Amino acid sequence: MDYDFRSIESKWQAYWAANKTFKAETDSSKPKYYVLDMFPYPSGAGLHVGHPLGYIASDIFARYKRLKGFNVLHPMGYDAFGLPAEQYAIQTGQHPEKTTHDNVARYRSQLDRIGFSFDWDREFRTCDTDYYKWTQWAFLQMFNSWYDPEQDKARPISELIEKFKAEGKWDGLTEKEQSDLLMNYRIAYQGETSVNWCEGLGTVLANDEVKDGLSVRGGFPVEQKKMKQWQLRVSAYAGRLLDSLDSLDWTDSLKEMQRNWIGKSQGTEVEFDTVCDGRHKTVTIFTTRVDTIFGVTFMVLAPESELVDELTAESCREAVEAYRKEIKKKTERERIAQTKSVTGVFTGAYGINPLTGEQIPIWVSEYVLAGYGTGAIMAVPAHDSRDYAFARKFDLPIIPIIEGCDVSESSFDAKEGKMCNSGFLNGMDVKDAIEAAKDYVEEKGIGRRKTNYRLRDAIFSRQRYWGEPFPIYYKDGIACPVDEADLPLVLPQIDSYKPTGEAPLARAKDWTYKGYPLETSTMPGFAGSSAYYLRYMDPHNGDALVSREADEYWRAVDLYVGGTEHATGHLIYSRFWDKFLYDLGYVCEDEPFRKLVNQGMIQGRSNFVYRVVGTNTFVSLGLMGQYETTEIHVDVNIVHNDKLDMEAFRQWRPEYADAEFILENGEYVCGWAIEKMSKSMYNVVNPDLICDTFGADTLRLYEMFLGPVEQSKPWDTKGIDGVNRFLKKFWRLFYDRDQWLVEDAPATPAELKELHKLIGKEQADIENFSYNTTISAFMIAVGELSSLNCHKREILEPMVVLLSPFAPHIAEELWEKLGHAETVTYAEFPKFIPALAAEDNVTYPVQFNGKMRFTVDMPKAASPAEVEAAVRAHELTPKYVGDKSIAKVIVVPGRIINIVVK
RNA sequence: GCCCGAGUGGCGGAAUGGUAGACGCGAAGGACUCAAAAUCCUUUGUCCCUUAAAGACGUGCGGGUUCGAGCCCCGCCUCGGGCACCA
């Protein structure tokens, strides 16, 4: 019987599905392990070979953990709401519900072919009403909570009302005033801020959905607009999101990305008196360098800041307003492109330095951001490069306050040196001066220490159709929550879901609740993906997002696999969401993902043919230098090992039907390049095709064999024959044509040694995701066992178990042939390891000054001193030592011997 | 500009500070075959050499630590990723 992967794979996939082999029970008798993939967005293009990379890696781990006796939860589902699904639906002119449904079906059929051990009974889509009920529920909890900075946690809003009542701030307010007051505290709140408005998508976007001034989806320009939007008070959690990063088993680079995104900075707020047309006003600024306050020569306000209205002198008002208007006109992209240009305008107002009493001019410039700190700064041109550029442009004074620094060409930004021109700070080291100045302003009551974060609240509403409706209605302009009992609030059907600038839900018939109008924007894509890992623990629960029992058993995701592109989006929002639910006691862990592995991207490997200009003749790569040619992308699926299938090429497109070829050695060799995998490059490789040609086990092994999981690498079908050959060889340890070879004779020491080398390697590597080296070890073991002509059950049975996480179908088939009634999933890995006979000798390499010379064999139990004595007794001179003498002998037990010659 | 990574054969990539290049691909030669496919065997970092033995040189560049450095330290170069007027 030859290795017939087609029948084997379809047989076992059907068996697993019919027997629910991978169904996970909430069963506390076994230790639990939760392995999760970032669930996919079902896009219209289907899966290419890059998508399953992470799923294969996590599946191997899940199967390995099952063998080790863990109760493994390994679910899968679809992130189906959100912009991409809706954009795709609009492009194809269909309802997003339908396209989502079709795309999900396609994904599922592709996933099913690869032999994943998902518990499909737990599958859901974020657009299922049963699921988004709990997204809406979570929103209501956030609406009904506030963040208490004293306890540093979220608490029910009712407790805040009690507090206000006790302080006499509540009674006597109108209903509207009470609502407005609470909006300033709710975790989910409606507020007017400057937001990213994307005209092309007809909606606002969160910061992580914008890159370089363009929308991540679609690449449309984004502008800043002041709008009233629903927001999540993520910033309240900034400190906790930052601090608990340390406890997570994530890569340093990803943690660093989140640290940068959260952007903690510890500084000082200082109050400056200002004068304008004889009026006085106090302006608070934020700085991290309060030590440089003696070098302040002007102040700057953000153009959007309300302070500008109050501080502009009548004589300057016209110029200031013109400047603000101009800034407002610019798109985000223009602002970024012009970062280097310096603009600004004088307000006519003056500030008074609280330490020196000196009067300094107040300017307005776009380099100061309204959304950070207080939207106002003290400018120290000698020690800040942005202030320096501004001072040079507008000819403002520059006063150095660090001894000996040169500010003739640029500012001196380093926090080092001795202070000067700085009153009581003179002579101090900069680091000490920072602390001394902070103490000073606090003592004098003109300022206070303050920590700021760059992390902003998340804009949570989208003026789009395909998302969760907000469970909010408006009673006389007051936002009120829908009763929890009335959830889910189902997304209504509408005639046209295309964006028109106004929210599509405004066109829905009877979009009301208790006779009042409902909120018409919908939630963003990240809403549904923020707590899905909790729902998998208890996916059919109608009474709670997750039962206490399920949550306390499964707790958190032990291993989470996905791409780095979610570093500042999903992975921040999920952590925030989890911490919020933790604060209110709904979940028992305050971090959702203990260990995170980022799989790399699979890039495409494009192939080219070279057409001789003006002809329909194509010249092979090696000969193209002799002709003038144009490079043309050719479908990689009709190229094998860079050799073009010429017949397939003629059939590929009508214009190539009569193509002629200039060959080298009878073959047409194509050129190649590494590019992004995309349709337009004709380099997309569909996993279905690989499963048809080589089988799912080969695909799984090959994707892992390409290199480390975390690393990005090009897909190159060239090497796939190698792992396919390995599987065939493995099969031949059991079968020679129709002859079953397995025998019950006891294994020899040499055979056992091979098995144990493999076990050692697999145990050491698999937990580090070094799957490529584990597979190498398999190849070596199978090669050795073939040449030993070993067909012993004692050896082969454990080999099948060890291989099963990687190539489950072939393992399952052979396991059955070995006479086991239960699937290999239930095989207990340690039970199948036969004892290894003690080895008697160790081979030590002997080096002279680090250079390898010869080896000596010594008993394993020999002490270093005995080894040294044996080496010294060896014939050492004159060949190795020459006319020098041995200074010392270094013996590293079990490793190496080095003889130092002087 | 700032913060992370990474640089090893023709290629993908291996190497707890201890025989660099495992394993795979590709390539060359051979066996089996009428032939092909499949399979198996041998060779495959560079230089010197007819060949072999033996040797020398080799992990982006320049230094250093060490008996011994791809790995550790200092200074560069190149590539990839992230952030980017955050005061």
Side-chain angles (χ1 to χ4, degrees), chain A residues 2 211-212 251-261 263-265 267-268 285-290 292 300 302 335-336 338-342 365-369 371-380 383-387 389-390 413 452-456 564-565 567-568 600-601 605 641-642 672 701-702 705-708 710-723 725-726 728-729 732 761 764 770 772-780 783 786-787 843-855 886-890 892 895-902:
Chain A
D2 281 338
K211 209 183 166 221
D212 298 330
T251 60
D252 290 336
S253 74
L254 201 94
K255 287 197 221 178
E256 203 53 34
M257 267 192 237
Q258 290 212 342
R259 285 191 191 105
N260 288 340
W261 188 257
K264 181 176 183 168
S265 89
T268 317
I285 60 94
F286 175 75
T287 179
T288 51
R289 292 294 304 276
V290 67
T292 61
V300 188
R335 264 180 99 147
I336 289 165
Q338 294 163 12
T339 292
K340 294 284 169 288
S341 73
V342 179
S365 173
E366 60 179 325
Y367 86 87
V368 175
L369 306 176
Y372 184 77
T374 59
I377 63 154
M378 63 178 211
V380 186
H383 303 289
D384 182 287
S385 53
R386 294 152 306 183
D387 298 344
F390 196 82
D413 293 7
N452 271 335
Y453 296 94
R454 290 156 77 159
L455 184 70
R456 304 294 155 82
T564 40
E565 67 272 21
T568 55
M601 296 247 285
R605 188 177 188 280
N641 289 354
D642 286 341
W672 58 273
L701 279 174
Y702 186 55
F705 191 64
L706 274 173
E710 304 88 343
Q711 195 173 302
S712 286
K713 55 232 157 184
W715 176 267
D716 184 351
T717 314
K718 255 188 185 170
I720 202 163
D721 293 322
V723 288
R725 234 168 265 168
F726 157 74
K728 290 182 195 163
K729 265 189 197 173
R732 281 202 302 273
K761 189 76 180 155
S770 294
N772 55 338
T773 55
T774 312
I775 295 167
S776 294
F778 259 106
M779 290 174 170
I780 297 167
S786 307
S787 54
T843 302
Y844 285 89
V846 179
Q847 302 180 341
F848 281 74
N849 287 354
K851 276 207 191 308
M852 165 67 190
R853 296 301 174 179
F854 58 85
T855 62
I886 295 171
K888 61 177 167 176
V889 176
I890 296 162
V892 183
R895 280 236 159 244
I896 198 147
I897 298 158
N898 194 27
I899 299 176
V900 184
V901 180
K902 279 195 180 138

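Just so we're clear, the structure is a prediction, and the values are computed from it rather than from any experiment. Just so we're on the same page: letters track the sequence lines, and every chain starts at 1.
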Taking only the side-chain nitrogens and oxygens of Thr773(A), find out if one of them lies under 4.0 Å from OP1 or OP2 of C23(B). no
When rounded to the nearest 0.5 angstrom, what is the spacing between CD1 in Ile890(A) and CD1 in Ile897(A)? 11.0 Å
Determine whether any donor atom in the side chain of Gln847(A) lies under 3.5 Å from an acceptor atom in the base of G68(B), or the reverse, and answer yes or no. no
Taking the minimum atom-to-atom distance to the side chain of Arg454(A), which one of G18(B), A84(B), A38(B) wins? A84(B)
Counting heavy atoms from C-beta on, name the nucleotide in U19(B), C23(B), A87(B) closest to the side chain of Thr287(A). A87(B)
Rounded to whole Å, please give me the gap between CD1 in Ile775(A) and P in A22(B). 18 Å
Picking from A22(B), C40(B), C83(B), the nucleotide nearest the side-chain atoms of Ile780(A) would be A22(B)
Assigned glycosidic conformation for G9(B) [threshold 90° from 0]: syn
Could you give the OH-to-P distance, from Tyr702(A) to C23(B), as a whole number of Å? 18 Å
Please check the phosphate of C83(B) (OP1 and OP2 only) for any side-chain N or O of Arg259(A) closer than 4.0 Å. no
Euclidean distance, atom NZ of residue Lys888(A) to atom P of U66(B) [Å, nearest integer]: 10 Å
Side chains of Asp387(A) and Tyr367(A): does their closest heavy-atom pair fall under 4.5 Å? yes
Main-chain N/O of Asp2(A) paired to Lys728(A) side chain as donor or acceptor, under 3.5 Å: no
Considering heavy-atom distances to RNA chain B, does Met257(A) or Thr288(A) have its closest nucleotide positioned more toward the 5' end? Met257(A)
Whole-Å C1' distance, C72(B) and U66(B): 10 Å
Between Tyr844(A) and Val892(A), the two heavy atoms sitting closest are CE2-O, 3.9 Å
Give one of base, sugar-phosphate or nothing for Arg605(A), where a contact means two heavy atoms less than 4.0 Å apart. nothing
Expressed as a whole number of angstroms, how long is the span from Tyr453(A):OH to A87(B):P? 13 Å
If a stem is a run of at least 3 consecutive Watson-Crick or G-U pairs, both distances under 3.5 Å, which stems include RNA chain B? B:1-7 with B:77-83, B:10-12 with B:23-25, B:26-31 with B:39-44, B:45-47 with B:55-57, B:60-64 with B:72-76
Where the side chain of Glu366(A) is concerned, which of U19(B), C85(B), C83(B) is the nearest nucleotide? C85(B)
Distance in Å, Asn452(A) CG paired with Thr268(A) OG1, rounded so as to fall on 0.5 Å steps: 10.5 Å
For the residue pair Ile896(A) and Pro845(A), what are the closest heavy atoms and their distance? CG1-O, 3.6 Å
Is there a side-chain contact between Pro714(A) and Asp716(A), using heavy atoms and a 4.5 Å cut-off? no
Under 4.0 Å from OP1 or OP2 of A87(B): is there any side-chain N or O of Tyr372(A) that close? yes
If you check the Asn772(A) side chain, which of U19(B), A38(B), A14(B) turns out closest? A14(B)
What distance separates Ile377(A) CD1 from Tyr372(A) OH, expressed to the nearest 0.5 Å? 12.0 Å
Work out how far the P atom of G9(B) is from that of G62(B), and round it to whole angstrom. 16 Å
Looking only at the side chain of Ile377(A) (C-beta and beyond, no hydrogens), which of the listed nucleotides U19(B), A87(B), U39(B) gets closest? A87(B)
Restricting to non-hydrogen atoms, name the atom on Ile899(A) and the atom on Val846(A) that form the minimum distance, rounded to 0.1 Å. CD1-CG1, 3.8 Å
Can you tell me which nucleotide in A87(B), G13(B), U19(B) comes closest to the side chain of Val368(A)? A87(B)
Phe726(A) atom CZ is separated from U39(B) atom C1', nearest whole Å, by 17 Å
What integer distance in Å separates Asp2(A):CG from A37(B):C1'? 13 Å
All heavy atoms of Arg605(A) vs all of Lys718(A), minimum pair found to be NH2-NZ, 4.2 Å
Leu254(A) side, atom CG; Thr568(A) side, atom OG1 - distance, nearest 0.5 Å: 9.0 Å
Taking atom P in both G63(B) and C57(B), what distance in whole Å separates the two? 15 Å
Check whether any side-chain N or O of Arg725(A) sits under 4.0 Å from OP1 or OP2 of C40(B), and answer yes or no. no
Between protein and nucleic acid, restricted to nucleotides 3-12 of chain B and to nitrogen or oxygen atoms under 3.5 Å apart, what atom pairs and distances do you find?
| from | atom 1 | to | atom 2 | distance (Å) |
| --- | --- | --- | --- | --- |
| G12(B) | O2' | Leu706(A) | O | 2.6 |

Nearest 0.5 Å, please: how far is OH in Tyr702(A) from CG in Asn772(A)? 12.0 Å
Categorize Asn452(A) for me: base, sugar-phosphate, or nothing, with a 4.0 angstrom heavy-atom threshold over every strand shown. nothing
In whole angstrom, give me the gap between the C1' atoms of C49(B) and A54(B). 11 Å
Take the protein atom CG of Asp721(A) and the nucleotide atom C1' of C23(B), then report the distance between them rounded to whole Å. 16 Å
What's the OH-P distance between Tyr844(A) and G18(B), to the nearest Å? 16 Å
Considering only the C1' atoms, how many Å lie between U59(B) and C71(B), rounded to the nearest integer? 10 Å
Using the P atom as the point on both nucleotides, what is the distance between G18(B) and A87(B), in whole Å? 43 Å
On a whole-Å scale, what distance lies between the C1' atoms belonging to A14(B) and A22(B)? 5 Å
Nearest-nucleotide pick for Pro708(A), side chain only, options being U39(B), A14(B), C85(B): A14(B)
Identify whether any heavy atom of Lys761(A) sits under 4.0 Å from a base atom; if not, whether one sits that close to sugar-phosphate; answer base, sugar-phosphate or nothing. nothing
First encountered from the 5' end of RNA chain B, between Gly263(A) and Val892(A): Val892(A)
Say you pick atom C1' in G13(B) and the same atom in A6(B); how far apart are they, in whole Å? 14 Å
Once rounded to the nearest 0.5 Å, what's the spacing between atom CE of Met779(A) and atom NZ of Lys729(A)? 8.5 Å
